[in-house]
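Everything on this sheet refers to the single structure shown next.
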Amino acid sequence: GQTPMFPRIFGHEAGGIVESVGEGVTDVAPGDHVLPVFTGECKECPHCKSAESNMCDLLRINTDRGVMIGDGKSRFSIDGKPIYHFVGTSTFSEYTVMHVGCVAKINPEAPLDKVCVLSCGISTGLGASINVAKPPKGSTVAIFGLGAVGLAAAEGARIAGASRIIGIDLNASRFEEARKFGCTEFVNPKDYSKPVQQVLAEM
């Protein structure tokens, strides 16, 4: 963000249980299991109603906003002084306060310590493949970096029907795991004296 707003509580990936809800909230109830969503959905704006965008007019990611949208105030404080929010989630906290459009209800049987990565890393990579790149069936896809986001992008390319999914990473120990997510070939840039894009073009 451009605004040096401190102190603030960071964090955007988590899994949690709703402790209480504000007036007029009907989408979730106390006891519901949820994931925070730092790019929320108001469900009313043109972006939310579009199948091509998730950049909600009200709740799009804004790293410079450190307060609640409704009243422009923080819900965190120490000794009466405000502590600011971060991307509408502030998940590095035992308790946090979010706009209802920034939580997604999930199955209560899903283990919260595992599904927390669905609130960002997995959905980001999967969505980048399926919703943005949209690789045609039989196409070749190259994925740079095989961490959580990269593995999810590989899975998305596999689901979309890509026939060659080339995983690129400086850490070759990631290759075997990446095969489980759809990668068919691998390139470690450290193994070549020429630029990796040239290696890929020759492949």
Side-chain angles (χ1 to χ4, degrees), residues 1-108 110-129 131-132 144-145 147-153 156:
Q2 303 302 309
T3 306
M5 188 175 288
F6 297 102
R8 66 197 311 186
I9 298 173
F10 287 114
H12 66 278
E13 274 189 338
I17 300 170
V18 176
E19 188 269 339
S20 60
V21 297
E23 186 180 345
V25 172
T26 57
D27 291 4
V28 294
D32 285 346
H33 287 217
V34 295
L35 296 178
V37 182
F38 65 92
T39 300
E41 294 184 358
C42 72
K43 300 181 183 170
E44 299 297 325
C45 74
H47 286 284
C48 286
K49 291 181 176 178
S50 164
E52 296 297 318
S53 171
N54 68 339
M55 291 288 111
C56 175
D57 286 340
L58 180 67
L59 300 170
R60 75 175 60 202
I61 183 170
N62 180 348
T63 55
D64 292 333
R65 185 178 66 238
V67 294
M68 296 295 288
I69 286 176
D71 61 5
K73 294 179 181 174
S74 172
R75 296 297 186 271
F76 305 112
S77 65
I78 286 183
D79 298 328
K81 294 182 179 174
I83 299 176
Y84 296 103
H85 298 238
F86 177 67
V87 295
T89 55
S90 293
T91 59
F92 292 168
S93 175
E94 294 267 336
Y95 289 85
T96 188
V97 181
M98 293 182 231
H99 188 286
V100 68
C102 291
V103 294
K105 190 173 171 180
I106 61 169
N107 187 322
L112 292 173
D113 64 332
K114 304 278 194 308
V115 296
C116 60
V117 295
L118 291 173
S119 72
C120 179
I122 305 305
S123 53
T124 299
L126 197 75
S129 283
N131 298 327
V132 180
F144 290 80
V149 175
L151 293 177

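The first residue of the sequence shown is numbered 1, and numbering continues consecutively from there.
At least one side-chain heavy atom of Leu58 sits under 4.5 Å from a side-chain heavy atom of Ile69. Under the 4.5 Å side-chain criterion, counting only non-hydrogen atoms from C-beta, Val115 is in contact with Ile106. Side-chain contact between Asp27 and Lys105 is absent, with no heavy atoms from C-beta onward closer than 4.5 Å.
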Q: May I have the step-by-step check of side-chain contact (heavy atoms from CB on, under 4.5 Å) for His33 and Leu112, ending in yes or no?
A: CA-CA 8 Å; His33 287 217; Leu112 292 173; 4.0 Å; yes
**Q.** side-chain contact (heavy atoms from CB on, under 4.5 Å) assessment of Thr96 paired with Met98
**A.** CA-CA 7 Å; Thr96 188; Met98 293 182 231; 3.3 Å; yes
(Q) With side-chain contact (heavy atoms from CB on, under 4.5 Å) as the criterion, how do Leu59 and Thr39 come out once you've worked through the C-alpha distance, each side chain's angles and the decisive distance to 0.1 Å? (A) CA-CA 6 Å; Leu59 300 170; Thr39 300; over 6 Å; no
Q.
Would Val28 and Val34 count as a side-chain contact (heavy atoms from CB on, under 4.5 Å) here? Give the steps.
A. CA-CA 9 Å; Val28 294; Val34 295; 4.1 Å; yes
Q | Audit row: His85, Phe76, ring-ring contact (aromatic ring centres under 6.0 Å, His included) steps and yes/no | A | CA-CA 8 Å; His85 298 238; Phe76 305 112; 4.6 Å; yes
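Between His47 and Asp57, the shortest heavy-atom distance links the atoms CD2-OD1, 3.1 Å. Between Gly66 and Arg8 the shortest heavy-atom distance is CA-NH2, 4.1 Å. Nearest heavy atom pair, residue Ala152 against residue Gly121, reads CB-O, 4.1 Å. Nearest heavy-atom pair, Glu44 versus Lys49, reported as atom, atom and distance to 0.1 Å: O-CE, 3.3 Å. Scanning all heavy atoms of the two residues, the minimum distance from Ile122 to Ala148 falls at CD1-O, 4.2 Å. The heavy-atom pair separating Cys56 from Cys45 by the smallest distance is CA-SG, 3.8 Å.
Of the possible donor and acceptor atoms, none in the side chain of Ser77 sits under 3.5 Å from a partner among the backbone N and O of Pro82. Side-chain N or O atoms of Thr3 include none that pairs as donor or acceptor with a backbone N or O of Asp64 at under 3.5 Å. One N or O on the side chain of Arg60 and one on the backbone of Met55 form a donor-acceptor pair closer than 3.5 Å. For the pair Ser50 (side chain) and Pro46 (backbone), a donor-acceptor distance under 3.5 Å is absent. When atom types are taken as modelled, the side chain of Ser129 and the backbone of Gly156 share no donor-acceptor pair closer than 3.5 angstrom. Ser123 places a side-chain N or O within donor-acceptor distance of the main-chain N or O of Leu118, the cut-off being under 3.5 Å. Put simply, the side chain of Ser119 gets close to the backbone of Cys116: a donor and an acceptor are under 3.5 Å apart.
Here OG of Ser90 is found 12.0 Å from NE2 of His12. Values are rounded to the nearest 0.5 Å. Atoms CD and OG1, on Glu13 and Thr124 in that order, are 8.0 Å from each other to the nearest 0.5 Å. Taking CD1 of Ile61 as the start and OG1 of Thr89 as the end, the distance is 8.5 Å to the nearest 0.5 Å. Taking CG of Asn107 as the reference point, atom CG of Asp32 lies at 11.0 Å (rounded to 0.5 Å). In this structure, Ile83 CD1 and Ile9 CD1 are separated by 5.0 Å, a value rounded to the nearest 0.5 Å. For the atom pair OG1 (Thr63) and CE (Met5), the distance works out to 9.5 Å, reported to the nearest 0.5 Å.
Ring centroids of Phe10 and Phe86 are separated by less than 6.0 Å, placing the two rings close together.
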